[in-house]
Visitor: 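There's a structure below that I have some questions on.
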Amino acid sequence: MESIPIHRSSTLTLVLDTPKGRGVFSSVPIPAGTIIETAPILLLSMEEWESHIKHTCLAHYSFNWPIKDVNSSTTVMHQAVVLGLGSMFNHSKFGQNVGWKRNIDAGLVVYTTLRDIQLGEELLISYGDKLWFEDVDDIPEKEASAEEFLGSIGV
C-alpha cells in the first residue's frame, strides 16, 4: 500500500473575522523553512469545472493544476481544490511569508515558511497576478495635501 506523509503544524490557528475574512495565523514563532501544511487536492475534471464549479464560490478556492495528456506530450491545465488549510491562506502581493509548491504526482500542495514567522502573525501566500478581487496591496496610499504635510511638521 502506497502512502504519503501528511504534515500539518499544530501551531496554526484559523481566525474567522479578519479584515480579509478567514485567515491562518501562527500561535507560536515558526522558523523560516518550516513545512507548515501538506494539503491533498481534489482534482476536478474539465466537465465538473465548466458545468458546475466555475459558477460557484468554490471557484475562488481552486488552483491551476497541470496534467500531462497521455495521448500527446502536452500539458493541459485543470483545476484543483486544495483541502485542509491550503485554501484558507490569504493573499499578499508583497508580504507573502509562505511559499507553496505543487507535488503533481502525489496530488499535494506543500506550504513552507519563507522567513521567520512571529507569534500571532498571519500566514500569507501569493495568488499570482490574475486576481478576482481588489488587491489591498495594490491600492496606492493617499498622498498628503500640502496643508496636511505642512501641518505635520513640528516647529
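All of these numbers come straight from a predicted model, not from anything done at the bench.
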Visitor: For Ile67, is there any backbone N or O sitting under 3.5 Å from a side-chain donor or acceptor partner on Thr75?
Guide: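 Pair absent, no side-chain N/O of Thr75 close to backbone of Ile67.
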Visitor: Indicate every side-chain donor-acceptor pair of residues 12-19 with a distance under 3.5 Å to a residue at least two apart or in another chain.
Guide:
{"from": "Thr18", "atom 1": "OG1", "to": "Lys20", "atom 2": "N", "distance (Å)": "3.1"}
{"from": "Thr18", "atom 1": "OG1", "to": "Gly21", "atom 2": "N", "distance (Å)": "3.2"}
{"from": "Thr18", "atom 1": "OG1", "to": "Gly21", "atom 2": "O", "distance (Å)": "2.4"}

Visitor: Determine yes or no for a side-chain-to-main-chain donor-acceptor pair under 3.5 angstrom, with Ser27 supplying the side chain and Thr11 the backbone.
Guide: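 Yes.
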Visitor: A side-chain contact here means heavy atoms from C-beta on lying under 4.5 Å apart; do Gln118 and Pro29 qualify?
Guide: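 With C-beta onward as the side chain, the pair stays apart.
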Visitor: Between Asn97 and Thr113, is the side chain to side chain contact (heavy atoms under 4.5 Å, CB included) condition met? List the steps.
Guide: CA-CA 6 Å; Asn97 51 18; Thr113 55; over 6 Å; no
Visitor: I'd like to know whether Val24 forms a side chain to side chain contact (heavy atoms under 4.5 Å, CB included) with Ile36, so could you lay out the CA-CA distance, the side-chain angles of the two residues, the decisive distance to 0.1 Å, and finally the verdict.
Guide: CA-CA 11 Å; Val24 180; Ile36 56 170; over 6 Å; no
Visitor: Check whether any side-chain N or O of Thr112 sits under 3.5 Å from a backbone N or O of Gly99 as a donor-acceptor pair, and report yes or no.
Guide: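 It does not hold such a pair.
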Visitor: Hey, are the side chains of Pro66 and Arg102 touching, using non-hydrogen atoms and a 4.5 Å cut-off?
Guide: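 Side chain of Pro66 against side chain of Arg102, heavy atoms only: contact under 4.5 Å found.
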Visitor: To the nearest 0.5 Å, what is the distance between CG (Leu83) and CE (Met88)?
Guide: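 Between Leu83 CG and Met88 CE, I get 10.5 Å after rounding to 0.5 Å.
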Visitor: So, for Ala80 and Trp65, which heavy atoms are closest and what is the spacing to 0.1 Å?
Guide: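 Smallest heavy-atom distance, with atoms named: CB-CB, 3.9 Å.
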Visitor: Is there a donor-acceptor pair under 3.5 Å between the side chain of His55 and the backbone N or O of Glu50?
Guide: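 Yes: the side chain of His55 pairs with the backbone of Glu50.
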Visitor: As an exercise, state the distance from CG of Leu44 to OG of Ser51, rounded to the nearest 0.5 Å.
Guide: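 Answer for the CG-OG pair, Leu44 versus Ser51, is 11.5 Å.
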Visitor: Decide yes or no for Leu123 and Glu37: does some side-chain heavy atom of the first lie under 4.5 Å from some side-chain heavy atom of the second?
Guide: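 Sidechains of Glu37 and Leu123: no contact.
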Visitor: Can you tell me how far the CD1 atom of Ile117 sits from the CD atom of Glu122, to the nearest 0.5 Å?
Guide: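 Interatomic distance, Ile117 CD1 to Glu122 CD, rounded to 0.5 Å: 10.5 Å.
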Visitor: Kindly give the heavy-atom pair with the smallest separation between Glu121 and Asp116, and that separation in Å.
Guide: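 That closest heavy-atom pairing would be OE1-O, 4.3 Å.
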Visitor: What closest approach, in Å, do Thr38 and Pro40 show between heavy atoms, and which atom pair accounts for it?
Guide: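 For Thr38 versus Pro40, the nearest heavy atoms are O-CD, 3.8 Å.
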Visitor: Just wondering, are more than 12 heavy atoms of other shown residues or ligands nearer than 6.0 Å to CZ in Arg22?
Guide: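 No, CZ of Arg22 has 12 or fewer neighbouring heavy atoms, counting only those of other groups under 6.0 Å.
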Visitor: Give the cluster check for Val98 versus Val110: same hydrophobic cluster or not, with ILVMFWY residues linked at side-chain heavy-atom distances below 4.5 Å.
Guide: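 Not linked; separate clusters.
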Visitor: Would Phe25 and Tyr111 show up in the same hydrophobic cluster when neighbours are defined by side-chain heavy atoms closer than 4.5 Å?
Guide: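 Different clusters.
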Visitor: Rounded to the nearest 0.5 Å, what separates atom CG in Asn90 from atom CD in Gln96?
Guide: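 Asn90 CG to Gln96 CD: 13.0 Å, rounded to 0.5 Å.
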Visitor: Does the Asn103 side chain pair with the main chain of Val109, one donor and one acceptor, at a distance under 3.5 Å?
Guide: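 Between the backbone of Val109 and the side chain of Asn103 there is no qualifying donor-acceptor contact (under 3.5 Å).
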Visitor: For residues Trp49 and His78, determine if any side-chain heavy atom of one lies less than 4.5 Å from a side-chain heavy atom of the other.
Guide: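 No. Closest side-chain heavy atoms not under 4.5 Å.
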Visitor: Hydrophobic cluster mates of Leu124, side-chain heavy atoms under 4.5 angstrom, ILVMFWY only, any path?
Guide: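 Members besides Leu124: none; it forms no cluster.
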Visitor: Do Ile104 and Val82 sit in one hydrophobic cluster, given that two such residues count as connected whenever their side-chain heavy atoms are within less than 4.5 Å of each other, even indirectly?
Guide: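 Result: yes, single cluster for both.
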Visitor: Give the cluster check for Trp100 versus Leu43: same hydrophobic cluster or not, with ILVMFWY residues linked at side-chain heavy-atom distances below 4.5 Å.
Guide: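 Linked, Trp100 and Leu43 end up in one cluster.
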